[in-house]
Amino acid sequence: MIDDKILNFFKNCRDSYISGEEFSERLGISRTAVWKHIEKLRSEGYEIIASPHLGYKLLSVPDRLTELELKWQLKAEIIGKKIYSYEEVGSTNDLARQLGISGEKEGSVIIAEHQAKGRGRLGRKWVSPRGKGACFSVILRPDILPREVSLVTLFSALSVVKTIREMINLPAFIRWPNDIMVNARKLCGILTELDGETDKINFVVVGIGININTKRELLPPGATSVSAEKGSEVSRLEFVKAILINLDRYYRIFKRGKVEEILGEYKKLSTVLDRRVQINYHNRLISGHAVDVDKEGALIVRLDSGFNERVLAGDVVLLR
Ligand code: BT5
């Protein structure tokens with residue numbers, strides 16, 4: 001708590017020195033205690049210089065995904081009002097689910113530097129080398145039917161793709177339903193899980209895993225990261241904040257019922273539309289032409305027989 005207060009104090013007086021005496025008065029602790037807290041912050045990667053006459057000055061913050069840094073001037077209305085940050089968890093989706101069951105408000109974010117049991121769909125593993133990428137989950141309580149939940153994956157993917165394009169300038173696309181691809185390699189995966197009954201949603205957890213400054217050697221074959229594509233590292237903090245802001249924007253559009261607007265943008269960034277695809281759907285191989293994504297987020301595939309099939313989930317392979 002004191003550390004947070006010191007940091008907030010520093011940040012509110014950007015670029016100026018704050019004396020040990022001032023800290024001590026404002027925080028109600030001794031100057032030695034102030035010094036100890038400053039040392040602790042330094043050990044966490046905060047660059048703080050000390051001058052005998054002027055006091056302390058914050059030069060830079062570490063690129064760590066902490067609650068305090070993520071929340072700092074985060075201009076979002078729903079997403080990130082509350083952020084729970086951890087060094088290591090099993091899976092952020094599991095923590096989010098527990099919070100959701102205990103009545104956590106929508107918009108809360110659970111983020112970790114490392115996941116010991118990161119999950120993909122169908123029990124697959126999600127690899128997240130420590131401190132290099134981002135893995136986080138967001139609790140949402142949209143007023144939709146369970147069959148519309150795919151739309152949550154869809155606008156979340158759109159938020160990530162938009163951020164990659166706007167901030168990093170990389171040609172990111174969405175491989176329906178949940179993969180973000182850059183140069184035909186997977187950079188981000190999304191796992192949306194639902195808690196509810198047949199006709200009612202209690203809450204949705206959107207889990208997002210992104211490779212940011214991760215070396216390709218540490219990732220599964222076919223994966224890539226922002227730094228591998230860009231050729232240099234980026235601030236994970238700024239990147240994740242930008243995703244949260246876009247997620248907030250698209251979620252608000254979604255809540256206003258503007259699904260068409262989201263679908264319009266989504267379709268332009270899809271790798272699968274207008275392509276011949278093969279999909280493993282409920283242990284059945286479907287081949288055909290991907291022609292549309294409908295209002296519930298399902299992929300419409302024109303089969304070779306001429307019939308259209310509505311596909312709700314699956315792994316898409318692009319044929320040519
Ligand atoms: C996904 O599943 O792509 C969803 C991944 C969601 C991860 C987030 S992280 C935060 C939250 N907490 C969790 O526990 N999960 C979510 P799927 O489409 O099933 O893809 C899984 C496959 O992607 C694996 O079988 C690997 O082939 C590949 N993969 C695993 N780790 C990867 C990585 N870091 N980058 C790219 N591909 C990866």
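Counting starts at 1 for both ligands and their atoms, in listed order. The structure displayed is predicted, hence computed values, not measured ones.
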At less than 4.0 angstrom from any non-hydrogen atom of N211, what atoms of ligand 1 do you find? 33 (C), 34 (N), 35 (N), 36 (C)
Around atom CG of D274, are there more than 12 heavy atoms of other residues, nucleotides or ligands at under 6.0 Å? no
Nitrogen or oxygen atoms of T92 and ligand 1 under 3.5 Å apart: yes
In terms of side-chain geometry, is the basic nitrogen of D304 or R276 positioned less than 4.0 Å from the acidic oxygen of its partner? yes
I'd like to know if E296 pairs up with R310 as an ion pair, taking the criterion as any Lys NZ or Arg NE/NH1/NH2 lying under 4.0 Å from an Asp or Glu carboxylate oxygen. yes
Distance below 4.0 Å between atom 27 (O) of ligand 1 and any protein heavy atom? no
Which atoms of ligand 1 sit under 4.0 Å from any heavy atom of P220? 29 (N), 30 (C), 31 (N), 32 (C), 38 (C)
Check each atom of ligand 1 against the heavy atoms of C135 and keep those under 4.0 Å away; list them by number with element. 9 (S), 10 (C)
Donor-acceptor pair, distance only, cut-off 3.5 Å: does the side chain of N211 make one with the backbone of S225? no
Do the charged groups of R130 and E87 touch, with an N to O distance under 4.0 Å? yes
For ligand 1, note which part of Q115 has a heavy atom under 4.0 Å away: side chain, backbone, both or neither. side chain
Could you tell me the residue and atom name of the protein heavy atom closest to atom 38 (C) of ligand 1, and the distance to it rounded to 0.1 Å? W126 CZ3, 3.4 Å
Taking R185 for its side chain and A223 for its backbone only, find out whether a donor-acceptor pair lies under 3.5 Å. yes
Atoms in ligand 1 flagged as close to A223, the criterion being non-hydrogen separation under 4.0 Å: 35 (N), 36 (C), 37 (N)
Contact check, L219 vs ligand 1, heavy-atom distance below 4.0 Å: yes
What is the ring orientation for F10 with F23, classed by angle as parallel under 30°, tilted 30 to 60°, or perpendicular over 60°? perpendicular
Can we say R236 and E113 salt-bridge, meaning some charged N sits less than 4.0 Å from an Asp/Glu carboxylate O? yes
Considering only heavy atoms of G118, which atoms of ligand 1 have at least one such atom less than 4.0 Å away? 14 (O)
At a 4.0 Å threshold, what atoms of ligand 1 neighbour a non-hydrogen atom of R119? 5 (C), 6 (C), 7 (C), 13 (C), 14 (O), 15 (N), 16 (C)
Just heavy atoms, cut-off under 4.0 Å: does R124 contact ligand 1 by side chain, backbone, both, or neither? side chain
D292 bridged to K267 by N-O distance under 4.0 Å: yes
In this structure, atom 24 (C) of ligand 1 is nearest to the protein heavy atom K125 O, 3.5 Å
Can you give me the closest heavy-atom contact between Y250 and I262, atom names plus distance? O-CD1, 3.9 Å
Considering the heavy atoms of N178, write down every atom of ligand 1 situated less than 4.0 Å from one of them. 1 (C), 2 (O), 3 (O), 4 (C), 18 (O)
For F136, atoms of ligand 1 separated by under 4.0 Å from a heavy atom: 10 (C)
So which heavy atom in the protein is nearest atom 8 (C) of ligand 1, and how far is it from that ligand atom? G209 N, 3.6 Å
N/O of V127 under 3.5 Å from N/O of ligand 1, yes or no? yes
When distances are taken from atom 20 (O) of ligand 1, the protein heavy atom at minimum range is K186 NZ, 3.0 Å
Between E193 and R119, is the closest basic N to carboxylate O distance under 4.0 Å? yes
